[in-house]
Protein chains: 2
Amino acid sequence: MPPLDREPTRGSPDTKDRILAAAEALFMEQGYAATSLRAITAKAKVNLAAVNYHFGSKEALIREVFDRRLGPLNQARLDYLSRLEFEAGGRALTPEKVLEAMITPVVQLSRDPLKRGAVFLRLLGRALSEPADTMKQVLPIHYRDVVLRFKDALARALPEVPEQELVWRMHFTFGAMAYAMAGNDALQLITTCEADGADDAEAIIRRLVPFLAAGLKAPAPQGLRTSPPQMTTNREAA
Amino acid sequence: MPPLDREPTRGSPDTKDRILAAAEALFMEQGYAATSLRAITAKAKVNLAAVNYHFGSKEALIREVFDRRLGPLNQARLDYLSRLEFEAGGRALTPEKVLEAMITPVVQLSRDPLKRGAVFLRLLGRALSEPADTMKQVLPIHYRDVVLRFKDALARALPEVPEQELVWRMHFTFGAMAYAMAGNDALQLITTCEADGADDAEAIIRRLVPFLAAGLKAPAPQGLRTSPPQMTTNREAA
DNA sequence: ACGTGATTCAAACAGGTGTTTGAATCATGC
DNA sequence: GCATGATTCAAACACCTGTTTGAATCACGT
């Protein structure tokens, strides 16, 4: 029977962490459904039954993989934003500052004890588009507060952008961030172009923030009721 | 034995198409690895062995799911771009026009015979960040030409943006597009905010193109050698 | 030293996986 | 008509899945 309280006193040696690290890496490489418990326990060099003993089930394991990192990450984002807002007094922040609060904690995670955080970030970038039911439970819990706080901050930073337009632009922003986090695998997947400095998270930020800020600040498109009357230059099918 | 030539003369009634449609839908809902052949054949109302008879293997099936749609889609993009470049004479296109050539064929696919194309688009949006080995073979083949052509077109449209910067901005652009294609599932996954008109592909374009064009046209960030000497406003850890 | 509870381990569990087989069915050409 | 090849079908194949079991091992308090 596993100990009901998770006190660190004479706790599990490190098998739990070994399992979490192995699962993190394999989930990133192969995806969630395609990774077997046997592959995880083999990589972690622990017994097969250890996963069910320490976590209860495979689903509980993946849940803990995300809980462990996502909680601190999003809390850091909220703290960062709160500090920026405090420093600004009552004045609204710039979109660049809001994005900075969103992204900087990611960079800090990307250089934790030897590459563990970087692996998780690439996993997270992929998880945001995973259809697994587990994600539909885990992600909203962690992201709910962050999205609401940042939506408010962006609305104040961009008072001229209508609310619905802003929601969509946040949608696009998350997409670009997810791709950036997932590494340049996706781009290399598609093209032969290779981007330099893909491992340098700070360099990515210096490229990503101006890009997204310009998009967020763009003038709102005209005439956006349900169905626009005219198309741009669309002719017959291509 | 399956017929070696795939001539439409008195061909397979429609089992192949039924299988492809069912696979498309289930892959989108559950992902590739989590979808069993038995689930596919049950939804398609065909015998289990039909998949291996008509396609050879599960991997060959998913390959054909993508081949069938991705070839025409990317060819339409190339044709669209060629036509725009012809109409422009020798002059460079605007970034908006280049994006339009990239995205408009997607819209046309999204309203094909009753929702089939729309399902595939959501699947595609997810596939771009899937780690499955199959994707690492299928996607580059289809996207190679498209990325190269559009990279050239964007480089001409944005002569002031350095090449490496442009590659990264295309990376971000693909990310935002993938999210937009995957539907607002991802955003609802993260937040409670719901975006209206998510099913109207044209409305999405009218929001997505100005956003991306503004990002692509943004002034390039300063001092981006390998490791930048100064950070923007980064202080201690959050 | 013993005992107690946490942890490991090998083995088995029931069920699902992709794939193959060989006979049955269908449609066609002669 | 029959023969031929394509397609369907039910059944089985060998293998892998997540989970459970019960004994063995370990670490510790008394």
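Each chain gets a letter, A, B and so on, in the order its sequence line appears, and its residues count up from 1. For clarity, every value in this text was computed on a predicted model and none was experimentally measured.
Evaluation of the side-chain hydrogen bond (donor to acceptor under 3.5 Å, both in side chains) rule for B:Ser57 yields no partner, not counting sequence neighbours. By the side-chain hydrogen bond (donor to acceptor under 3.5 Å, both in side chains) test, B:Thr41 is found to be paired with no residue, residues two or more places apart in sequence or in another chain being considered. For B:Arg69, the side-chain hydrogen bond (donor to acceptor under 3.5 Å, both in side chains) partners two or more places apart in sequence, or in a different chain, are B:Glu24. B:Asn74 meets the side-chain hydrogen bond (donor to acceptor under 3.5 Å, both in side chains) test with B:Arg77; sequence neighbours excluded. For A:Tyr32, the ring-ring contact (aromatic ring centres under 6.0 Å, His included) partners are A:Phe27, not counting sequence neighbours.
Pairs engaging residues 56-67 of chain B under the salt bridge (Lys or Arg N to Asp or Glu O under 4.0 Å) rule: B:Lys16-B:Glu64, B:Glu59-B:Arg63 [sequence neighbours left out]. Applying the salt bridge (Lys or Arg N to Asp or Glu O under 4.0 Å) test to pairs two or more places apart or on separate chains, none has a residue in residues 45-56 of chain A.
For residues 55-69 of chain A, proximity to DNA chain C is found at no residue, defined as any non-hydrogen atom under 4.0 angstrom from a strand atom.
With rounding to the nearest 0.5 Å, the separation of CE in A:Met170 from CG in A:Leu212 is 11.5 Å.
At the phosphate of D:dT8, OP1 or OP2 sits under 4.0 Å from a side-chain N or O atom of B:Thr15. Listed pair B:His54 / D:dT8 meets the phosphate criterion, a side-chain N or O lying under 4.0 Å from OP1 or OP2.
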### Query
In the 5'-to-3' direction, what one-character label does each nucleotide of nucleotides 9-16 of chain D receive under the scheme B = base within less than 4.0 Å of a protein heavy atom, S = sugar-phosphate only, - = no such atom?
BB-B----
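Among the atoms of the strands shown, only primed sugar atoms or phosphate atoms (P, OP1, OP2) are found under 4.0 Å from some heavy atom of A:Thr35.
As a whole-Å value, the separation of B:Tyr32 OH from C:dG18 C1' is 10 Å. One can place CG of B:Leu26 at 12 Å from P of C:dT17, the figure rounded to the nearest angstrom. Taking atom CD1 on A:Ile40 and atom C1' on D:dG18, their separation rounds to 11 Å, with Å as the unit. With rounding to whole Å, B:Tyr53 atom OH is found 16 Å from C:dG22 atom P.
Distances from the side chain of A:Asn52 to the nucleotides D:dT19, C:dT8, D:dT7 place D:dT19 closest.
Judged by the 6.0 Å distance and 45° axis criteria, A:Arg169 is not positioned over the aromatic ring of A:Phe172.
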